[in-house]
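Taking it in order: structure first as structure tokens, then the write-up.
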Amino acid sequence: MKFTLIATATLALAGMASAVHPTIKCEKFYTAVAKDSCLSVAKANGFSIQQFTEWNRGLVGNRCHSLVPKKSYCISANTPVDRHVIAAKPTKPTKKPSKPVKKPTKPVKKPTKPSVKPTTKPTTKPAPSTGGASTAGLHLAPHTAPNCKKYYVVKPGDGCSIIAQKNKISEAQLYQYNTGLHHNAEHMCDNLDDGRAYCVAV
């Protein structure tokens with residue numbers, strides 16, 4: 001009985017360790033159409049099925065034979081970065097100079113006559129403009145770009161791909177301007193809220 005419990009616990013720990021995956025940041029997306037599969041998308045875009053399944057977790061078995069139409073899948077990503085990154089050690093500060101800089105022995109003589117002040121008043125500089133679009137009356141989505149120049153209010157039936165097409169930007173740009181939107185393969189664009197304003201131009 002004790003041996004069985006030890007073996008079960010060991011297998012459980014091994015499964016937990018294998019479930020740790022590197023963080024992948026997608027750079028390009030593809031919207032699936034009818035009869036698409038992992039093989040057809042990989043051949044059309046010039047990468048392997050293994051890369052496609054690494055970029056889109058959960059694509060195994062029957063899910064890889066028939067992709068979900070109108071769903072966005074990642075087809076280009078940067079090099080994975082392991083979550084367990086060891087912080088770099090701080091460098092040692094440079095040594096201070098041993099000898100202080102000598103101060104001048106003779107003070108600079110002050111002028112005997114004060115300089116005449118200009119009679120004209122300097123012109124005031126206008127306050128710098130932030131360049132952002134007005135957010136008055138908008139229900140902003142969280143984590144939108146602070147320098148956003150244009151917002152789009154989500155309507156019923158809108159999706160990330162539709163919003164990107166309407167505003168002539170890519171889905172990758174939409175996620176870049178709105179970092180609060182989910183952009184992982186399993187939860188792609190599933191927190192888009194009707195009535196909220198999202199950034200579509202910077």
Min side-chain heavy-atom separation [X]-[Y] under 4.5 Å:
X: T31; Y: E171; result: yes
X: P69; Y: V33; result: no
X: Y151; Y: V200; result: no
X: I163; Y: L192; result: yes
X: S170; Y: K28; result: no
X: L39; Y: I49; result: yes

Roughly how far, to the nearest 0.5 Å, is the [atom2] atom of [Y] from the [atom1] atom of [X]?
X: D190; Y: M188; atom1: CG; atom2: CE; value: 9.5 Å
X: N56; Y: C38; atom1: CG; atom2: SG; value: 8.0 Å
X: T144; Y: N178; atom1: OG1; atom2: CG; value: 6.5 Å
X: C160; Y: Q165; atom1: SG; atom2: CD; value: 11.5 Å
X: K150; Y: N167; atom1: NZ; atom2: CG; value: 4.5 Å
X: L59; Y: F52; atom1: CG; atom2: CZ; value: 5.5 Å

Dump the intermediate steps for side chain to side chain contact (heavy atoms under 4.5 Å, CB included) on W55 and F47, then the final yes or no. CA-CA 11 Å; W55 298 337; F47 49 75; 3.9 Å; yes

Taking the side chain from [X] and the backbone from [Y], do they hold a donor-acceptor pair closer than 3.5 Å?
X: D158; Y: V154; answer: no
X: S37; Y: S40; answer: yes
X: N191; Y: G180; answer: yes
X: H139; Y: G137; answer: no
X: S76; Y: E27; answer: no
X: N147; Y: V202; answer: no

What is the minimum heavy-atom distance between [X] and [Y], and which atoms define it?
X: T53; Y: C64; answer: CG2-SG, 4.2 Å
X: A201; Y: C148; answer: O-SG, 3.4 Å
X: R57; Y: E54; answer: CG-O, 4.3 Å
X: H182; Y: H187; answer: CB-O, 2.9 Å

Verdict with reasoning, L174 to Y152, per side chain to side chain contact (heavy atoms under 4.5 Å, CB included): CA-CA 11 Å; L174 181 64; Y152 176 83; over 6 Å; no

Decide whether Y73 and D36 meet the rule of one side-chain donor and one side-chain acceptor closer than 3.5 Å.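 Not at all, the side chains of Y73 and D36 share no donor-acceptor pair under 3.5 Å.
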
Quick check on the hydrophobic clustering: are Y198 and V153 connected, directly or via other members, by side-chain heavy-atom contacts under 4.5 Å?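 Different clusters.
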
Does the gap between the ring centers of Y175 and F29 come in under 6.0 Å?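 Ring centroids of Y175 and F29 are less than 6.0 Å from each other.
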
Does NZ in K43 sit with more than 12 non-hydrogen atoms of other residues, nucleotides or ligands closer than 6.0 Å?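 No, NZ of K43 has 12 or fewer neighbouring heavy atoms, counting only those of other groups under 6.0 Å.
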
